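Scope of the values below: all heavy atoms of this structure, side chains included, with no hydrogens, waters or symmetry mates. Computed from a prediction, not measured in an experiment: that's the story for all the values here.
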Amino acid sequence: MWRRYSFRDRPWRVHEPIPVRRLLLIAAALAFCLSVVTAFSQDTAPPPPPPDVQAAAPDAAAQSNVRAVRLSDVEGQVQVFQNGQVVFDQAEPNMPAVEGMRFVTGDNGRMEIEFEDGSVARVTPNSSIRLTQLSRNSDGTTITRIDALTGLTYYELNQHGGQISVHFSGDAATPIDNAVFRVSLDAAPNELAVMHGAVHVDDGQGISLDVHPNQTFQTDPQQPGEFTVAQNIAADSWDQWNSDRDQALSELESNETTARADTGNPNDAAWNDLDYYGDWYDLPGYGEVWAPSGVDASWDPFGSGYWGYYPAFGYTWISGYPWGWWPYHCGAWDYLNTFGWIWAPGNCGWGLYGAGWFPYATVWQVPRGYMPPPRPHPGPKPHPTPLLPVNRGPQFSAPFHFDRGTRPQPRVLTFDGKAIQPMEAGIHPLERGPVGESYTSTLARTHPELTLNAGRAPGSRNAYAPVYGVRPLGAPAGAAHPATGGSAPHGFSGYSGGHAAAPAPSGGGGGGHAGGGASSGGGGGGGHASGGGHR
(Lines give C-alpha, C1' and ligand atoms only; values in the text may rest on other atoms or scores of the structure.)
Protein backbone atom coordinates (compact mmCIF):
# COMPACT_ATOMS: atom_id res chain seq x y z
CA MET A 1 0.00 0.00 0.00
CA TRP A 2 1.03 3.62 -0.45
CA ARG A 3 -0.21 7.09 0.15
CA ARG A 4 -0.11 10.29 -1.90
CA TYR A 5 -0.35 13.77 -0.46
CA SER A 6 -1.21 16.95 -2.34
CA PHE A 7 -0.77 20.61 -1.63
CA ARG A 8 -2.70 23.50 -3.11
CA ASP A 9 -0.72 25.84 -5.35
CA ARG A 10 -2.17 28.93 -3.67
CA PRO A 11 -1.40 31.08 -0.60
CA TRP A 12 -3.06 30.31 2.71
CA ARG A 13 -5.65 32.86 3.77
CA VAL A 14 -6.68 33.34 7.38
CA HIS A 15 -10.24 34.63 7.71
CA GLU A 16 -10.60 34.37 11.49
CA PRO A 17 -8.60 33.35 14.56
CA ILE A 18 -8.31 29.59 14.96
CA PRO A 19 -9.51 28.35 18.39
CA VAL A 20 -6.99 26.51 20.55
CA ARG A 21 -9.20 23.42 20.53
CA ARG A 22 -9.13 23.33 16.74
CA LEU A 23 -5.35 23.69 16.78
CA LEU A 24 -5.12 20.67 19.05
CA LEU A 25 -7.32 18.68 16.68
CA ILE A 26 -5.16 19.70 13.71
CA ALA A 27 -2.00 18.70 15.59
CA ALA A 28 -3.52 15.32 16.40
CA ALA A 29 -4.48 14.80 12.76
CA LEU A 30 -0.95 15.67 11.61
CA ALA A 31 0.50 13.24 14.11
CA PHE A 32 -1.78 10.50 12.78
CA CYS A 33 -0.73 11.23 9.18
CA LEU A 34 2.92 11.04 10.22
CA SER A 35 2.34 7.68 11.81
CA VAL A 36 0.71 6.45 8.60
CA VAL A 37 3.68 7.56 6.52
CA THR A 38 6.07 5.88 8.95
CA ALA A 39 4.07 2.67 8.88
CA PHE A 40 4.35 2.47 5.12
CA SER A 41 7.98 3.60 5.03
CA GLN A 42 9.19 0.01 5.28
CA ASP A 43 7.48 -1.16 2.07
CA THR A 44 9.95 -2.52 -0.45
CA ALA A 45 7.72 -2.49 -3.53
CA PRO A 46 7.08 0.78 -5.36
CA PRO A 47 3.55 2.09 -5.75
CA PRO A 48 1.75 1.12 -8.94
CA PRO A 49 1.51 3.74 -11.68
CA PRO A 50 -1.71 5.76 -11.59
CA PRO A 51 -4.51 4.65 -13.93
CA ASP A 52 -4.30 5.89 -17.49
CA VAL A 53 -6.67 8.79 -16.98
CA GLN A 54 -5.86 12.22 -18.38
CA ALA A 55 -6.62 14.87 -15.80
CA ALA A 56 -8.68 17.84 -16.89
CA ALA A 57 -7.37 21.33 -16.28
CA PRO A 58 -8.99 24.74 -16.22
CA ASP A 59 -8.74 26.77 -19.43
CA ALA A 60 -7.33 23.73 -21.25
CA ALA A 61 -8.65 24.91 -24.61
CA ALA A 62 -6.97 28.30 -24.30
CA GLN A 63 -3.65 26.84 -23.17
CA SER A 64 -3.46 24.02 -25.72
CA ASN A 65 -1.99 26.39 -28.34
CA VAL A 66 1.10 27.13 -26.27
CA ARG A 67 4.30 25.84 -27.87
CA ALA A 68 7.51 25.62 -25.89
CA VAL A 69 10.77 24.75 -27.61
CA ARG A 70 14.12 24.19 -25.97
CA LEU A 71 17.28 26.22 -25.55
CA SER A 72 19.57 23.25 -26.14
CA ASP A 73 22.85 25.13 -25.67
CA VAL A 74 23.75 28.43 -24.00
CA GLU A 75 27.25 29.79 -23.53
CA GLY A 76 28.23 33.19 -22.20
CA GLN A 77 25.91 36.19 -21.99
CA VAL A 78 22.46 35.73 -23.53
CA GLN A 79 19.51 37.97 -22.62
CA VAL A 80 15.84 37.12 -23.19
CA PHE A 81 13.29 39.79 -24.16
CA GLN A 82 9.52 39.64 -24.65
CA ASN A 83 7.07 42.44 -25.46
CA GLY A 84 9.96 44.91 -25.42
CA GLN A 85 11.03 44.02 -21.88
CA VAL A 86 13.85 41.93 -20.46
CA VAL A 87 12.27 38.80 -19.00
CA PHE A 88 15.51 36.98 -18.13
CA ASP A 89 18.88 38.66 -17.68
CA GLN A 90 20.62 35.39 -18.41
CA ALA A 91 19.35 32.44 -20.44
CA GLU A 92 20.11 28.91 -19.29
CA PRO A 93 20.25 25.54 -21.09
CA ASN A 94 16.88 23.73 -21.11
CA MET A 95 15.03 27.02 -20.73
CA PRO A 96 11.70 26.93 -22.61
CA ALA A 97 11.43 29.38 -25.50
CA VAL A 98 7.94 30.58 -26.42
CA GLU A 99 6.37 32.75 -29.11
CA GLY A 100 7.49 36.37 -29.14
CA MET A 101 10.77 35.86 -27.27
CA ARG A 102 13.82 37.72 -28.56
CA PHE A 103 17.31 36.45 -27.76
CA VAL A 104 20.32 38.80 -27.72
CA THR A 105 23.88 37.53 -27.30
CA GLY A 106 26.74 39.51 -25.79
CA ASP A 107 30.40 39.66 -26.77
CA ASN A 108 31.00 36.12 -25.50
CA GLY A 109 27.46 34.77 -25.91
CA ARG A 110 26.14 32.08 -28.21
CA MET A 111 23.09 29.88 -28.12
CA GLU A 112 21.13 27.13 -29.88
CA ILE A 113 17.36 26.59 -30.08
CA GLU A 114 16.14 23.06 -30.81
CA PHE A 115 12.69 22.55 -32.31
CA GLU A 116 10.37 19.54 -32.04
CA ASP A 117 11.48 17.98 -35.34
CA GLY A 118 15.20 18.32 -34.56
CA SER A 119 15.73 21.54 -36.53
CA VAL A 120 18.02 24.07 -34.87
CA ALA A 121 18.71 27.82 -34.96
CA ARG A 122 22.09 29.05 -33.70
CA VAL A 123 23.11 32.57 -32.69
CA THR A 124 26.73 33.78 -32.59
CA PRO A 125 28.08 36.63 -30.39
CA ASN A 126 26.60 40.13 -30.78
CA SER A 127 23.60 38.82 -32.68
CA SER A 128 19.86 38.45 -32.12
CA ILE A 129 16.78 36.59 -33.33
CA ARG A 130 13.08 36.53 -32.44
CA LEU A 131 10.64 33.62 -32.39
CA THR A 132 7.89 35.61 -34.07
CA GLN A 133 5.50 32.68 -34.54
CA LEU A 134 5.28 29.34 -32.74
CA SER A 135 1.85 27.93 -33.51
CA ARG A 136 0.20 24.59 -34.15
CA ASN A 137 -2.47 23.56 -36.66
CA SER A 138 -5.49 21.48 -35.70
CA ASP A 139 -3.77 18.38 -37.13
CA GLY A 140 -0.77 18.90 -34.85
CA THR A 141 1.65 20.22 -37.47
CA THR A 142 3.69 23.24 -36.45
CA ILE A 143 4.21 26.69 -37.98
CA THR A 144 7.43 28.45 -37.05
CA ARG A 145 8.65 31.89 -38.07
CA ILE A 146 12.11 33.06 -36.99
CA ASP A 147 13.19 36.67 -37.52
CA ALA A 148 16.96 37.14 -37.90
CA LEU A 149 17.45 40.65 -36.50
CA THR A 150 21.18 41.37 -36.19
CA GLY A 151 24.55 39.72 -36.55
CA LEU A 152 25.29 36.20 -37.77
CA THR A 153 22.90 33.26 -37.32
CA TYR A 154 22.87 29.66 -38.55
CA TYR A 155 19.89 27.44 -39.41
CA GLU A 156 19.66 23.69 -39.94
CA LEU A 157 16.07 22.96 -40.89
CA ASN A 158 14.57 19.62 -41.89
CA GLN A 159 11.29 18.54 -43.41
CA HIS A 160 10.27 15.99 -40.78
CA GLY A 161 7.13 17.96 -40.01
CA GLY A 162 5.66 21.43 -39.96
CA GLN A 163 6.40 24.70 -41.75
CA ILE A 164 9.40 26.82 -40.84
CA SER A 165 10.78 30.03 -42.32
CA VAL A 166 13.51 32.57 -41.55
CA HIS A 167 12.86 36.26 -42.22
CA PHE A 168 15.48 39.01 -42.55
CA SER A 169 15.17 42.58 -43.81
CA GLY A 170 11.93 41.92 -45.68
CA ASP A 171 13.05 38.63 -47.24
CA ALA A 172 11.65 35.22 -46.27
CA ALA A 173 13.79 32.07 -46.59
CA THR A 174 11.97 28.72 -46.63
CA PRO A 175 13.78 25.37 -46.94
CA ILE A 176 12.77 23.41 -50.05
CA ASP A 177 14.21 20.26 -48.53
CA ASN A 178 16.56 19.65 -45.60
CA ALA A 179 18.74 22.74 -45.61
CA VAL A 180 21.72 24.27 -43.80
CA PHE A 181 22.32 28.00 -44.26
CA ARG A 182 23.54 31.11 -42.49
CA VAL A 183 22.28 34.71 -42.50
CA SER A 184 24.71 37.59 -42.03
CA LEU A 185 23.37 41.07 -41.23
CA ASP A 186 26.60 42.64 -39.95
CA ALA A 187 27.00 44.98 -42.90
CA ALA A 188 25.44 45.69 -46.29
CA PRO A 189 24.73 43.75 -48.35
CA ASN A 190 22.81 41.21 -46.30
CA GLU A 191 23.81 37.65 -47.13
CA LEU A 192 22.16 34.25 -47.09
CA ALA A 193 24.69 31.48 -47.79
CA VAL A 194 23.44 27.93 -48.41
CA MET A 195 25.77 25.08 -47.37
CA HIS A 196 23.38 22.16 -47.83
CA GLY A 197 20.00 21.61 -49.49
CA ALA A 198 18.07 24.41 -51.15
CA VAL A 199 16.26 27.50 -49.86
CA HIS A 200 13.48 29.51 -51.51
CA VAL A 201 13.77 33.28 -51.02
CA ASP A 202 10.82 35.64 -51.49
CA ASP A 203 10.52 39.32 -50.60
CA GLY A 204 6.81 39.57 -51.40
CA GLN A 205 7.48 42.32 -53.96
CA GLY A 206 8.75 40.46 -56.99
CA ILE A 207 11.93 38.70 -55.85
CA SER A 208 11.36 34.94 -55.80
CA LEU A 209 14.13 32.44 -56.43
CA ASP A 210 15.79 29.29 -55.17
CA VAL A 211 19.28 29.41 -53.66
CA HIS A 212 21.26 26.18 -53.99
CA PRO A 213 24.34 24.74 -52.22
CA ASN A 214 27.50 26.87 -52.44
CA GLN A 215 25.50 29.92 -53.50
CA THR A 216 25.22 33.23 -51.63
CA PHE A 217 22.14 35.43 -51.99
CA GLN A 218 22.93 39.13 -51.41
CA THR A 219 20.53 42.05 -51.08
CA ASP A 220 20.72 45.63 -49.82
CA PRO A 221 17.69 46.98 -47.89
CA GLN A 222 18.53 50.44 -49.25
CA GLN A 223 18.07 49.17 -52.81
CA PRO A 224 14.81 47.17 -52.82
CA GLY A 225 14.18 44.90 -55.77
CA GLU A 226 17.89 44.37 -56.48
CA PHE A 227 19.91 41.29 -55.57
CA THR A 228 22.86 39.19 -56.64
CA VAL A 229 23.62 35.49 -56.34
CA ALA A 230 27.29 34.61 -55.98
CA GLN A 231 28.39 31.14 -57.05
CA ASN A 232 30.53 30.63 -53.98
CA ILE A 233 30.47 30.92 -50.18
CA ALA A 234 33.06 32.92 -48.27
CA ALA A 235 34.31 31.08 -45.17
CA ASP A 236 33.39 32.52 -41.77
CA SER A 237 35.26 31.91 -38.53
CA TRP A 238 32.02 30.71 -36.88
CA ASP A 239 31.47 27.94 -39.42
CA GLN A 240 33.62 25.68 -37.25
CA TRP A 241 31.46 26.32 -34.19
CA ASN A 242 28.40 25.38 -36.21
CA SER A 243 30.14 22.14 -37.26
CA ASP A 244 31.18 21.43 -33.67
CA ARG A 245 27.57 21.71 -32.53
CA ASP A 246 26.54 19.33 -35.32
CA GLN A 247 29.11 16.84 -34.08
CA ALA A 248 27.88 17.12 -30.49
CA LEU A 249 24.27 16.46 -31.53
CA SER A 250 25.38 13.67 -33.85
CA GLU A 251 27.09 11.87 -30.98
CA LEU A 252 23.92 11.98 -28.90
CA GLU A 253 22.12 10.29 -31.79
CA SER A 254 24.64 7.51 -32.37
CA ASN A 255 22.97 4.81 -30.21
CA GLU A 256 19.20 4.88 -29.87
CA THR A 257 16.71 2.49 -28.31
CA THR A 258 13.16 1.66 -29.36
CA ALA A 259 11.74 3.12 -26.14
CA ARG A 260 10.35 6.19 -27.90
CA ALA A 261 8.75 4.25 -30.76
CA ASP A 262 5.19 4.44 -29.44
CA THR A 263 5.25 8.06 -28.31
CA GLY A 264 3.46 10.69 -30.35
CA ASN A 265 6.71 12.44 -31.34
CA PRO A 266 9.56 9.90 -31.75
CA ASN A 267 11.52 12.29 -33.99
CA ASP A 268 11.97 14.86 -31.23
CA ALA A 269 15.73 15.19 -30.71
CA ALA A 270 15.36 15.47 -26.92
CA TRP A 271 14.93 11.67 -26.76
CA ASN A 272 18.52 11.32 -27.99
CA ASP A 273 19.78 12.86 -24.75
CA LEU A 274 18.12 10.12 -22.73
CA ASP A 275 19.60 7.36 -24.87
CA TYR A 276 23.07 8.88 -24.46
CA TYR A 277 23.05 9.84 -20.78
CA GLY A 278 21.09 6.93 -19.34
CA ASP A 279 19.44 3.56 -19.84
CA TRP A 280 15.95 2.25 -20.53
CA TYR A 281 14.44 -0.73 -18.69
CA ASP A 282 11.32 -2.77 -19.42
CA LEU A 283 9.90 -2.74 -15.90
CA PRO A 284 6.91 -4.95 -15.05
CA GLY A 285 3.88 -2.83 -14.25
CA TYR A 286 5.46 0.30 -15.70
CA GLY A 287 6.58 -0.48 -19.24
CA GLU A 288 9.73 1.26 -20.44
CA VAL A 289 11.30 3.49 -17.80
CA TRP A 290 14.51 5.50 -17.86
CA ALA A 291 17.29 6.12 -15.34
CA PRO A 292 20.53 8.12 -15.69
CA SER A 293 23.87 6.33 -15.88
CA GLY A 294 26.73 6.84 -13.43
CA VAL A 295 24.59 7.52 -10.34
CA ASP A 296 23.38 5.56 -7.32
CA ALA A 297 20.37 5.58 -5.01
CA SER A 298 21.51 8.81 -3.30
CA TRP A 299 21.35 10.85 -6.50
CA ASP A 300 18.72 13.62 -6.61
CA PRO A 301 16.85 14.35 -9.86
CA PHE A 302 15.96 17.76 -8.47
CA GLY A 303 19.45 18.54 -7.15
CA SER A 304 20.15 21.61 -9.25
CA GLY A 305 18.21 23.89 -11.53
CA TYR A 306 16.01 26.97 -11.59
CA TRP A 307 12.43 28.05 -11.31
CA GLY A 308 11.66 30.54 -14.09
CA TYR A 309 8.47 32.56 -14.39
CA TYR A 310 6.56 32.63 -17.71
CA PRO A 311 3.36 34.69 -18.01
CA ALA A 312 1.78 32.01 -20.24
CA PHE A 313 2.00 29.19 -17.69
CA GLY A 314 3.57 30.49 -14.49
CA TYR A 315 6.69 29.04 -12.91
CA THR A 316 8.36 26.26 -14.87
CA TRP A 317 11.32 24.11 -13.96
CA ILE A 318 14.55 24.72 -15.90
CA SER A 319 16.82 21.72 -15.53
CA GLY A 320 20.57 22.09 -15.70
CA TYR A 321 21.22 18.42 -16.48
CA PRO A 322 22.22 18.08 -20.13
CA TRP A 323 19.33 15.63 -20.68
CA GLY A 324 16.83 17.63 -18.63
CA TRP A 325 13.97 18.31 -21.01
CA TRP A 326 11.36 15.52 -21.28
CA PRO A 327 11.81 14.10 -17.74
CA TYR A 328 10.76 17.45 -16.26
CA HIS A 329 7.92 18.35 -18.61
CA CYS A 330 5.96 15.11 -19.01
CA GLY A 331 5.78 11.63 -17.46
CA ALA A 332 6.52 11.02 -13.78
CA TRP A 333 9.46 10.36 -11.45
CA ASP A 334 9.36 7.47 -9.00
CA TYR A 335 11.82 6.13 -6.41
CA LEU A 336 12.72 2.43 -6.24
CA ASN A 337 14.30 1.17 -3.06
CA THR A 338 18.05 0.36 -3.39
CA PHE A 339 18.12 1.43 -7.07
CA GLY A 340 17.05 5.07 -6.86
CA TRP A 341 15.06 7.28 -9.16
CA ILE A 342 13.41 6.22 -12.42
CA TRP A 343 11.36 8.22 -14.89
CA ALA A 344 8.24 6.81 -16.56
CA PRO A 345 7.35 8.63 -19.80
CA GLY A 346 3.75 9.38 -20.67
CA ASN A 347 1.80 12.10 -22.48
CA CYS A 348 5.06 13.11 -24.14
CA GLY A 349 3.37 13.24 -27.52
CA TRP A 350 0.35 15.36 -26.66
CA GLY A 351 -1.13 17.26 -23.75
CA LEU A 352 -2.25 20.56 -22.28
CA TYR A 353 0.70 22.67 -23.40
CA GLY A 354 1.19 21.80 -27.06
CA ALA A 355 2.77 18.44 -27.85
CA GLY A 356 2.77 16.85 -24.42
CA TRP A 357 4.70 19.60 -22.66
CA PHE A 358 3.94 20.66 -19.08
CA PRO A 359 5.67 23.34 -16.96
CA TYR A 360 6.84 20.83 -14.33
CA ALA A 361 7.08 17.14 -13.55
CA THR A 362 4.90 14.72 -11.61
CA VAL A 363 6.50 12.92 -8.66
CA TRP A 364 5.21 9.65 -7.19
CA GLN A 365 7.15 7.80 -4.47
CA VAL A 366 10.07 9.61 -2.76
CA PRO A 367 12.76 8.60 -0.25
CA ARG A 368 11.95 9.08 3.42
CA GLY A 369 12.29 12.69 4.46
CA TYR A 370 12.69 13.95 0.90
CA MET A 371 11.01 17.07 -0.48
CA PRO A 372 11.20 18.20 -4.11
CA PRO A 373 11.81 21.94 -4.47
CA PRO A 374 8.46 23.69 -4.04
CA ARG A 375 7.00 25.54 -6.97
CA PRO A 376 7.08 29.26 -6.12
CA HIS A 377 3.86 31.15 -5.65
CA PRO A 378 2.42 32.81 -8.79
CA GLY A 379 1.37 36.41 -8.92
CA PRO A 380 2.57 39.77 -10.25
CA LYS A 381 6.26 39.69 -11.09
CA PRO A 382 8.85 42.40 -11.70
CA HIS A 383 10.74 42.79 -14.97
CA PRO A 384 13.06 41.07 -15.32
CA THR A 385 11.87 38.24 -13.10
CA PRO A 386 14.94 36.62 -11.55
CA LEU A 387 15.50 32.91 -11.90
CA LEU A 388 15.14 31.16 -8.53
CA PRO A 389 18.07 28.74 -8.21
CA VAL A 390 18.03 25.32 -6.59
CA ASN A 391 21.47 23.94 -5.76
CA ARG A 392 21.67 20.87 -3.56
CA GLY A 393 25.30 20.11 -4.32
CA PRO A 394 27.65 19.70 -7.32
CA GLN A 395 27.78 15.94 -6.81
CA PHE A 396 24.41 15.54 -8.51
CA SER A 397 25.54 16.97 -11.86
CA ALA A 398 29.11 15.60 -11.82
CA PRO A 399 28.20 12.14 -13.27
CA PHE A 400 27.05 13.71 -16.55
CA HIS A 401 30.30 15.43 -17.50
CA PHE A 402 31.34 12.73 -19.94
CA ASP A 403 30.59 14.42 -23.25
CA ARG A 404 32.61 12.73 -26.01
CA GLY A 405 34.17 10.52 -23.37
CA THR A 406 33.61 7.08 -21.91
CA ARG A 407 30.04 6.53 -20.79
CA PRO A 408 29.50 4.94 -17.38
CA GLN A 409 28.62 1.27 -17.28
CA PRO A 410 24.84 0.74 -17.24
CA ARG A 411 23.29 -0.36 -13.97
CA VAL A 412 21.30 -3.55 -13.49
CA LEU A 413 17.88 -2.86 -12.00
CA THR A 414 16.74 -5.45 -9.47
CA PHE A 415 12.97 -5.53 -9.25
CA ASP A 416 10.76 -8.07 -7.47
CA GLY A 417 13.80 -10.28 -6.98
CA LYS A 418 14.72 -10.30 -10.67
CA ALA A 419 17.64 -8.59 -12.41
CA ILE A 420 16.51 -6.44 -15.34
CA GLN A 421 19.14 -5.55 -17.91
CA PRO A 422 19.02 -2.25 -19.83
CA MET A 423 17.46 -2.22 -23.27
CA GLU A 424 19.93 -2.50 -26.14
CA ALA A 425 20.54 0.51 -28.35
CA GLY A 426 19.92 -1.04 -31.72
CA ILE A 427 18.86 1.98 -33.78
CA HIS A 428 21.73 3.54 -35.74
CA PRO A 429 20.94 6.34 -38.24
CA LEU A 430 22.94 6.36 -41.47
CA GLU A 431 23.16 10.15 -41.37
CA ARG A 432 23.03 11.91 -38.03
CA GLY A 433 22.52 15.49 -36.91
CA PRO A 434 19.71 18.05 -37.25
CA VAL A 435 19.14 17.37 -40.96
CA GLY A 436 20.06 13.69 -40.87
CA GLU A 437 17.87 10.60 -41.03
CA SER A 438 14.86 10.81 -38.75
CA TYR A 439 14.21 8.28 -36.02
CA THR A 440 11.07 7.06 -37.77
CA SER A 441 12.96 6.51 -41.03
CA THR A 442 15.74 4.67 -39.22
CA LEU A 443 13.23 2.47 -37.42
CA ALA A 444 11.45 1.62 -40.66
CA ARG A 445 14.77 0.68 -42.24
CA THR A 446 16.17 -1.38 -39.37
CA HIS A 447 13.09 -2.66 -37.50
CA PRO A 448 10.14 -2.73 -39.92
CA GLU A 449 8.22 -4.94 -37.50
CA LEU A 450 7.98 -1.98 -35.09
CA THR A 451 7.06 0.66 -37.63
CA LEU A 452 3.31 0.25 -37.15
CA ASN A 453 3.66 1.42 -33.55
CA ALA A 454 6.03 4.29 -34.24
CA GLY A 455 4.31 7.64 -34.12
CA ARG A 456 0.88 6.13 -33.58
CA ALA A 457 -2.00 8.24 -32.34
CA PRO A 458 -0.63 10.79 -29.84
CA GLY A 459 -1.49 9.97 -26.28
CA SER A 460 -2.00 6.28 -27.02
CA ARG A 461 0.60 5.41 -24.42
CA ASN A 462 0.28 5.72 -20.66
CA ALA A 463 -1.36 8.99 -19.61
CA TYR A 464 1.14 10.03 -16.94
CA ALA A 465 0.66 13.77 -16.58
CA PRO A 466 0.55 16.38 -13.83
CA VAL A 467 -2.71 16.23 -11.93
CA TYR A 468 -4.90 19.30 -11.64
CA GLY A 469 -6.98 19.60 -8.50
CA VAL A 470 -7.02 17.98 -5.08
CA ARG A 471 -6.93 14.19 -5.18
CA PRO A 472 -8.26 11.94 -2.40
CA LEU A 473 -5.71 9.48 -1.03
CA GLY A 474 -5.43 6.54 -3.40
CA ALA A 475 -7.95 7.95 -5.87
CA PRO A 476 -7.21 7.85 -9.60
CA ALA A 477 -5.83 10.86 -11.43
CA GLY A 478 -8.49 13.44 -12.21
CA ALA A 479 -10.82 12.43 -9.38
CA ALA A 480 -12.68 15.25 -7.68
CA HIS A 481 -11.98 15.98 -4.06
CA PRO A 482 -14.99 15.12 -1.88
CA ALA A 483 -14.75 18.40 -0.04
CA THR A 484 -14.73 20.58 -3.13
CA GLY A 485 -16.50 18.46 -5.72
CA GLY A 486 -14.11 19.61 -8.41
CA SER A 487 -10.61 20.58 -9.44
CA ALA A 488 -8.60 23.33 -7.86
CA PRO A 489 -7.82 26.28 -10.12
CA HIS A 490 -4.06 25.84 -9.96
CA GLY A 491 -2.21 22.86 -11.40
CA PHE A 492 -0.06 20.65 -9.23
CA SER A 493 0.67 17.00 -8.52
CA GLY A 494 0.80 15.09 -5.26
CA TYR A 495 3.47 12.71 -4.12
CA SER A 496 3.52 9.80 -1.74
CA GLY A 497 5.35 9.46 1.53
CA GLY A 498 8.72 7.77 1.14
CA HIS A 499 9.51 4.16 1.82
CA ALA A 500 13.23 3.95 1.18
CA ALA A 501 15.99 4.25 3.71
CA ALA A 502 18.32 6.17 1.38
CA PRO A 503 19.42 9.48 2.91
CA ALA A 504 17.67 12.55 1.62
CA PRO A 505 19.96 15.01 -0.18
CA SER A 506 20.98 17.98 1.84
CA GLY A 507 20.64 21.59 0.87
CA GLY A 508 17.84 22.61 -1.42
CA GLY A 509 16.64 25.97 -2.42
CA GLY A 510 14.08 27.09 -4.83
CA GLY A 511 12.92 30.15 -2.99
CA GLY A 512 9.37 31.35 -3.08
CA HIS A 513 6.37 30.27 -1.07
CA ALA A 514 5.01 26.81 -0.73
CA GLY A 515 2.63 25.74 -3.42
CA GLY A 516 2.92 23.08 -6.03
CA GLY A 517 4.38 20.68 -3.50
CA ALA A 518 5.74 17.77 -5.47
CA SER A 519 4.80 19.30 -8.78
CA SER A 520 8.43 20.00 -9.28
CA GLY A 521 11.04 19.44 -11.86
CA GLY A 522 14.74 19.25 -11.22
CA GLY A 523 18.08 19.49 -12.89
CA GLY A 524 21.70 20.32 -12.46
CA GLY A 525 24.97 20.53 -14.26
CA GLY A 526 25.10 23.01 -17.04
CA GLY A 527 27.08 26.14 -16.40
CA HIS A 528 28.33 28.55 -19.00
CA ALA A 529 31.37 28.04 -21.13
CA SER A 530 33.36 31.15 -21.73
CA GLY A 531 34.77 32.10 -25.05
CA GLY A 532 33.32 33.53 -28.18
CA GLY A 533 34.85 36.82 -29.10
CA HIS A 534 34.37 38.70 -32.31
CA ARG A 535 34.17 37.28 -35.76
Going by heavy atoms in the side chains, are [X] and [Y] under 4.5 Å from each other?
X      : Y      : result
Gln77  : Asn108 : yes
Arg411 : Val295 : yes
Trp326 : Asn265 : yes
Trp271 : Leu252 : no
Asn272 : Glu256 : yes

Would you check if there is a donor-acceptor pair between the side chains of Asp275 and Trp280 at a distance under 3.5 Å?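 Checked: Trp280/Asp275 side chains pair up, N/O donor to acceptor below 3.5 Å.
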Side chains of Thr174 and Ser165: any donor to acceptor distance under 3.5 Å? no
Ignoring hydrogens and angles, tell me if any N or O in the side chain of [X] forms a donor-acceptor pair with the backbone of [Y] under 3.5 Å.
X      : Y      : result
Asn83  : Gln85  : no
Asp279 : Ser293 : no
Asp107 : Asn126 : no
Asn158 : Pro434 : yes
Thr216 : Asn232 : yes
Arg102 : Val86  : no
Gln90  : Gly76  : yes

Just one of Asp239, Asp236, Asn242 clears the side chain to side chain donor-acceptor pair (under 3.5 Å) bar with Arg182, so which one?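 Among Asp239, Asp236, Asn242, the one meeting side chain to side chain donor-acceptor pair (under 3.5 Å) with Arg182 is Asp239.
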Apply the side-chain contact (heavy atoms from CB on, under 4.5 Å) test between Phe103 and each candidate in Thr153, Val74, Ile113, Leu149; give the one that qualifies. Ile113
Identify which one of Tyr360, Trp343, Tyr321 satisfies the side-chain contact (heavy atoms from CB on, under 4.5 Å) criterion when paired with Tyr328.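 Running side-chain contact (heavy atoms from CB on, under 4.5 Å) over Tyr360, Trp343, Tyr321 with Tyr328 returns exactly one hit, Tyr321.
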Where is the tightest heavy-atom contact between [X] and [Y], given as atom of each residue plus distance?
X      : Y      : value
Leu274 : Trp323 : CD2-O, 3.9 Å
Ile164 : Pro175 : O-CD, 3.3 Å
Pro327 : Ala361 : O-CB, 3.7 Å
Ala198 : Asp177 : N-OD1, 3.2 Å
Ala148 : Leu185 : O-CD1, 3.4 Å
Ala97  : Leu71  : CB-CD2, 4.1 Å

Hey, can you tell me if Phe88 and Tyr310 have their rings parallel, tilted or perpendicular (30° and 60° cut-offs)? tilted
Could you check whether the rings of Trp241 and Trp238 sit parallel, tilted or perpendicular, using 30° and 60° as the cut-offs? perpendicular
What's the verdict on side chain to side chain contact (heavy atoms under 4.5 Å, CB included) for Glu99 and Leu131, showing C-alpha distance, side-chain angles and the deciding distance? CA-CA 5 Å; Glu99 184 174 279; Leu131 297 178; 5.9 Å; no
Under a 4.0 Å threshold between the charged nitrogen and the carboxylate oxygen, would Glu116 count as salt-bridged to Arg67?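 Answer for the salt bridge query: yes.
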Could you tell me whether Arg70 and Asp273 have a side-chain N and a carboxylate O separated by less than 4.0 Å?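 Counted as a salt bridge, because a side-chain N and a carboxylate O are separated by less than 4.0 Å.
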Report the distance from atom [atom1] of [X] to atom [atom2] of [Y], rounding to the nearest 0.5 Å.
X      : Y      : atom1 : atom2 : value
Glu191 : Leu152 : CD    : CG    : 10.0 Å
Trp333 : Thr362 : CH2   : OG1   : 12.5 Å
Glu75  : Arg245 : CD    : CZ    : 7.0 Å
Phe400 : Tyr276 : CZ    : OH    : 12.5 Å
His196 : His212 : NE2   : NE2   : 13.5 Å
Asn94  : Ile318 : CG    : CD1   : 9.0 Å

Can Thr150 and Ser128 be said to form a side chain to side chain donor-acceptor pair (under 3.5 Å), step by step? CA-CA 5 Å; Thr150 60; Ser128 62; 2.7 Å; yes
Determine, stepwise, if the pair Gln215 / Gln231 fulfils side chain to side chain donor-acceptor pair (under 3.5 Å). CA-CA 5 Å; Gln215 292 184 338; Gln231 301 303 312; 3.0 Å; yes
Does Arg375 count as lying over the ring of Tyr315, i.e. NZ or CZ under 6.0 Å from the six-ring centre, within 45 degrees of the axis?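 Negative - Arg375 is either too far from the ring of Tyr315 or too far off its axis.
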Walk me through it: do Phe217 and Val199 pass the test side chain to side chain contact (heavy atoms under 4.5 Å, CB included)? CA-CA 10 Å; Phe217 170 82; Val199 176; over 6 Å; no
Do Asn267 and Asp117 pass the side chain to side chain contact (heavy atoms under 4.5 Å, CB included) test, and can you show the C-alpha distance, the side-chain angles, and the key distance before you say yes or no? CA-CA 6 Å; Asn267 293 324; Asp117 63 354; 5.8 Å; no
Would you please test Val390 and Phe302 for side chain to side chain contact (heavy atoms under 4.5 Å, CB included) and show each step? CA-CA 8 Å; Val390 174; Phe302 309 107; 5.9 Å; no
